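Take a look at the structure below.
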Amino acid sequence: MLHLPILQVVIPLMAAPLCLLLKRPQLVWLFALFVSTVAFIISLLLLQQVSTTGVISYELGGWQAPWGIEYRIDQLNALLLIIISATSTVVLIAAQTSIEKEIPKNKHTLFYILYLLSLTGMLGIVSTGDAFNVFVFLEISSLSAYSLIALGKKRQALWASFQYLIMGTIGATFILIGIGLMYQMTGTLNMEDLSQRLPQVAQTKTVFTAFTFIIVGICLKLALFPLHLWLPNAYAYAPSIVTAFFAATATKVAIYLLIRFTFTVFGLSFSFTTLPLQGLFLVLGLMGIIVASSAAIYQKNIKHLFAYSSIAQVGFIIIGLSTNSVMGLTATLLHLFNHAIMKGAIFLALGAVVYQIGNSQLVNFSGLGRKMPLTMAAIVIGGLSLIGVPLTAGFISKWYLLTALIENNWWPVAILILLGSLLTVIYVWRIVEVIYFKEPLAENTSVTEAPILFLISIWTLIIANFYFGIDTRFSVQLTQSAAQSLFGLSP
Amino acid sequence: MNDLFAVVMLLGIYSLLSASFFVAMDAVDVAFTEAAVGAGISTLLMLVVITMTGRKENTKRHKPFLALIVVIFTGGLLLYGTFDIPHFGSADSPIHNHVTPRYINDSINEIGIPNIVTSVLASYRAFDTFGEVVVIFTAGIGIMALLSVAHHSEDNHKIAAVNDSMHERYLVIRIVSKILIPFILLFALYVQFHGDFGPGGGFQAGVIFAAGIILYSMLFGLSITRKVISQPFIQIISAVGVLLYGSVGLVSLLQGGNFFDYNVLLTDPVAGQHLGILLIELGVGCTVTSVMIMIFFNFAERRELQQHNNIHNKDLES
Amino acid sequence: MDVLLEIIASLCLFIGSFICISGGVGILRFPDFYTRMHAVGVTDTLGAGMILIGLMFYSPDFLTLSKLLIILLLTLLISPTTSHVLAKAAMQNELKPKLQQKDSDKELNSSNYS
Amino acid sequence: MITGLFNNWIVIVLMMSGLYIVIAHGNLIKKLIGLSLFQTSVFILYISMAKVEGGTAPILAENIKELSNPLPHVLILTAIVVGISTTALGLALVIRIKEAYGSIEEEDIQILDNLPQSKTQKKIMDGEQ
């Protein structure tokens with residue numbers, strides 16, 4: 001029990017090179033699935049431990065915190081760990097079937113290794129309490145992400161991956177500069193230690209610059225509105241499994257970093273009073289919602305469509321942050337959780353379609369509602385959840401967000417958000433129309449339902465979607481107490 | 001400048017100059033690494049790629065004004081940020097007074113090796129270094145996933161024929177490097193095991209070792225080198241390096257300490273630290289060597305394949 | 001004795017640096033690739049060698065001396081080889097030396113290289 | 001006053017030239033070169049902050065009192081490795097892009113990407129009719 005925090009990261013990490021020794025893809029898949037499940041169980045145990053004993057601190061190498069590297073798990077970390085490891089496990093169930101048609105046979109083993117490394121990177125970013133360690137694990141996850149995206153079948157995948165590499169590296173280097181400036185002013189790299197030492201130098205120009213660089217760097221990774229250009233292509237051309245995994249987790253990790261740096265490291269008073277961060281997040285979030293949703297309406301490829309929708313959802317999440325209240329932060333975290341569930345399901349379902357008909361152009365979907373009823377139902381339910389229809393998980397997070405906005409008396413913002421949801425209705429309706437009210441294309445008449453492993457993983461997420469839409473005790477309680485502890489209130 | 005070859009050479013020179021700057025700034029370990037990596041391996045890799053993609057650049061600028069605005073804005077912000085930075089070389093700035101004094105004053109008692117950089121790298125912040133090894137392992141795997149080609153067995157006569165013709169052309173340099181390569185490998189091993197006392201360590205040693213082998217394969221042909229060091233073999237070595245590093249941590253877990261707590265490896269904590277550092281440096285060395293060789297092999301194989309295809313296409317056309 | 005050592009050492013250093021500078025001048029003043037490379041290749045070996053020898057006289061202990069000796073040997077081995085390879089690469093890329101080019105240079109060139 | 005910050009200003013100039021190359025140049029190899037220039041300049045920023053006036057390299061020996069700060073050195077060792085990994089991966093991508101598109105200029109690639117798309121769009125429109 002004592003070593004859970006480190007095992008959470010090290011088990012998938014050590015499993016990756018072991019896969020190289022196993023060689024046989026079938027075996028490697030089972031092994032990766034097993035490892036991911038173990039990681040999921042560990043994250044649940046960690047959550048339980050956190051909620052009984054409070055923050056867990058684990059000193060690597062037995063060196064005390066500011067000198068050695070510390071792993072620090074509180075409720076926020078535990079929540080993120082669960083999101084990441086759970087989606088990873090569910091997505092892996094379908095992986096074997098999906099990559100059969102999308103990736104050449106001799107690269108299957110390498111695919112699983114990269115997948116595990118990417119999982120490791122994300123888990124590492126979330127668990128660590130050391131600013132520089134964040135950078136190292138960020139690079140592990142990004143490097144594996146670039147290679148995974150480049151494994152896509154079309155040549156556009158290569159170009160998308162290269163663009164992502166350039167943007168991602170600039171972002172990471174910005175974070176590195178920020179960490180360097182911070183270190184120069186305080187002499188420490190440990191987040192807890194930084195948060196104690198930064199207020200003494202908070203008024204200096206250097207700390208302001210450091211903060212800006214870190215925020216911009218994270219926003220590049222996050223694909224916040226004006227910096228989102230790399231995302232749609234990367235999501236659209238990557239292998240379907242990779243898209244499902246990244247759409248559910250990658251932006252979440254970046255948002256975690258944003259919350260961690262603004263709330264914990266720099267502290268509330270610095271982030272929200274010294275800087276106009278609140279207004280900035282609000283404006284960028286709103287613009288992101290409107291622009292990305294409108295762009296989504298005009299997409300011809302459904303993967304592109306939902307990629308733009310992801311950018312819009314990031315907008316919702318950021319607006320929650322900008323309210324600077326416990327309620328708003330709860331909404332943000334809830335939406336993190338719920339968005340992972342619904343986007344995971346949607347992209348997995350798209351993966352199933354790609355498996356059956358070879359691409360994800362909107363035209364090809366016509367009439368598929370009768371051919372692949374379960375898969376299509378999953379896409380529609382996911383879409384409804386994106387809109388925020390009651391009984392789905394999306395409703396809960398939208399509800400909390402609106403409550404938080406009304407609490408702040410931000411009526412215009414609330415109205416704009418409803419408008420954004422309206423745009424969501426439009427693009428989801430386009431898909432519904434094509435799926436159910438059009439005749440199937442000639443070449444798609446013999447299409448059948450997706451393979452069973454696909455259906456298992458898709459419907460696991462859909463059922464979770466309904467469950468968290470109806471029984472909100474678990475998710476709301478968890479996010480609320482995480483938000484309260486971030487604001488320094490005792491839960 | 002639109003000749004990429006010249007640009008790459010200039011980048012190499014820039015790296016070498018910054019390495020000398022690092023020496024002037026007392027960062028000998030970093031200088032060593034920068035010289036080996038920046039001026040050595042990365043220049044080499046870029047040159048290999050240029051031979052495949054052409055060395056002329058289109059001179060048209062892409063978005064000069066946007067770029068200029070971004071650059072001026074970022075630069076201005078950074079400039080603004082520098083005004084409160086502690087002055088260069090001043091001993092009373094926070095970084096010299098908060099965390100570091102413990103490394104400087106106590107590491108000799110706690111770890112027992114004179115090179116503080118190595119003790120911080122391999123013990124106090126061992127997990128960062130583990131991450132670094134995994135990063136390079138990831139890059140190796142990623143490049144393999146991108147570039148690996150199916151193997152076709154080559155017949156020995158052909159190799160011998162090519163070998164002979166090359167022997168004529170590269171006689172001098174072949175003989176000289178035959179003399180030099182053993183020394184390069186020996187030097188790599190020296191750097192590997194001397195990292196506790198002077199600048200050096202697993203990473204630098206790995207790069208030098210890989211450079212020796214890459215030199216050999218450039219002069220004597222890939223196929224001959226591949227007979228000694230086959231692809232699967234390097235892959236296994238790179239995995240073993242990461243596993244070795246990680247299992248040092250796992251063993252310390254089993255012994256009742258925290259992850260990477262070398263104190264519990266042996267009964268005497270300082271000896272335990274020595275053992276731990278030795279083992280993880282070995283792990284780093286293994287992974288770095290094999291990944292570097294792997295990267296070069298994959299690049300060069302791809303290049304051979306391209307040339308082969310080109311010749312084939314020309315035959316078809318004529 | 002010390003004075004003598006000092007004088008020898010500084011003489012070596014002086015000669016070495018003079019040769020290096022002359023190489024630098026050569027790189028600027030010579031007309032084409034091969035002659036420039038000649039300037040650098042020759043002076044680099046000799047100049048660096050002289051500087052290393054000079055430093056050896058200054059070295060405080062045996063360890064430094066032996067390290068310098070190894071560097072010297074490596075320089076002697078590597079520097080000519082690299083010049084050789086450079087020249088060879090230039091020849092293979094059909095870079096022609098600039099010979100005495102006056103009125104009749106075309107004939108001269110063709111007669112030399114046909 | 002001014003000399004104490006001089007090192008940072010040099011670093012800023014270097015960094016910004018790297019960043020400019022990344023954004024403004026269309027050639028992919030040139031972009032990677034700019035990226036590595038950018039990263040190397042950040043290394044210089046870190047290393048120059050570690051220097052202590054009158055200090056020596058952080059290797060313990062007798063009769064040495066003042067040492068430079070070893071921690072930034074450690075961080076930069078890690079960062080150099082990360083840098084070379086990124087560059088190598090980027091180069092591998094460039095090779096594949098060259099094979100797939102036949103060019104490594106950003107503009108050519110964008111043109112080539114748009115061509116088949118317009119073709120498919122036509123196809124789609126035909127299909128709808």
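Chain letters run A, B, ... following the sequence lines, proteins first, then strands; residues in each count from 1. Nothing here was measured: the structure is a model prediction, and the numbers come from that model.
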Task: Proximity breakdown for V70(B) and chain D, heavy-atom pairs closer than 4.5 Å - done: side chain

TODO: Can you see which heavy atom on I47(D) is nearest to which on M25(B), and at what distance?
DONE: CG2-CB, 3.6 Å

Open item on the list: Is L146(B) close to chain D through its backbone or its side chain, or both, or neither, when contacts mean heavy atoms under 4.5 Å?
Closed with: both

Task: Residue, of D29(B), I295(B), I85(B), that accumulates the most heavy atom pairs under 4.5 Å with chain D - done: I85(B)

Task: Identified side-chain contact (heavy atoms from CB on, under 4.5 Å) partner of S42(B) from the options I33(D), I84(D), T40(D) - done: I84(D)

Task: Part of T129(B) within contact of chain D (heavy atom distance under 4.5 Å) - done: neither

Open item on the list: Apply side chain to side chain donor-acceptor pair (under 3.5 Å) to residues D26(B) and S68(D) and explain how you reach the verdict.
Closed with: CA-CA 7 Å; D26(B) 302 338; S68(D) 284; 2.7 Å; yes

Task: Residue I97(D) versus chain B: region with a heavy atom under 4.5 Å - done: neither

Open item on the list: Taking every non-hydrogen pair under 4.5 Å, which of T82(B), L147(B), V135(B) racks up the most with chain D?
Closed with: T82(B)

- [ ] Could you tell me which portion of L93(D) (side chain, backbone, both or neither) has an atom closer than 4.5 angstrom to a non-hydrogen atom of chain B?
- [x] both

TODO: Check whether A50(D) gets within reach of chain B through its side chain, its backbone, both or neither, counting any heavy atom under 4.5 Å.
DONE: backbone

Open item on the list: Quick check on L68(B) against chain D: is it the side chain, the backbone, both or neither that has a heavy atom closer than 4.5 Å?
Closed with: both

TODO: Name the region of F197(B), side chain, backbone, both or neither, that has any atom closer than 4.5 Å to a heavy atom of chain D.
DONE: backbone

Task: Side chain / backbone / both / neither for S41(D) at chain B, heavy atoms under 4.5 Å - done: both

TODO: State, without any angle test, whether T78(D) and D128(B) hold a side-chain donor-acceptor pair at a distance under 3.5 Å.
DONE: no

- [ ] Below 4.5 Å from any heavy atom of chain B, which atoms of L19(D) appear? Answer side chain, backbone, both or neither.
- [x] both

Task: Proximal component of M292(B), with respect to chain D [non-hydrogen, under 4.5 Å] - done: side chain

TODO: Select one option (side chain, backbone, both, neither) describing which atoms of P101(B) are under 4.5 Å from chain D's heavy atoms.
DONE: neither

Task: Contact origin within I95(B) toward chain D - heavy atom pairs under 4.5 Å - done: both

Task: Proximal component of I104(D), with respect to chain B [non-hydrogen, under 4.5 Å] - done: side chain

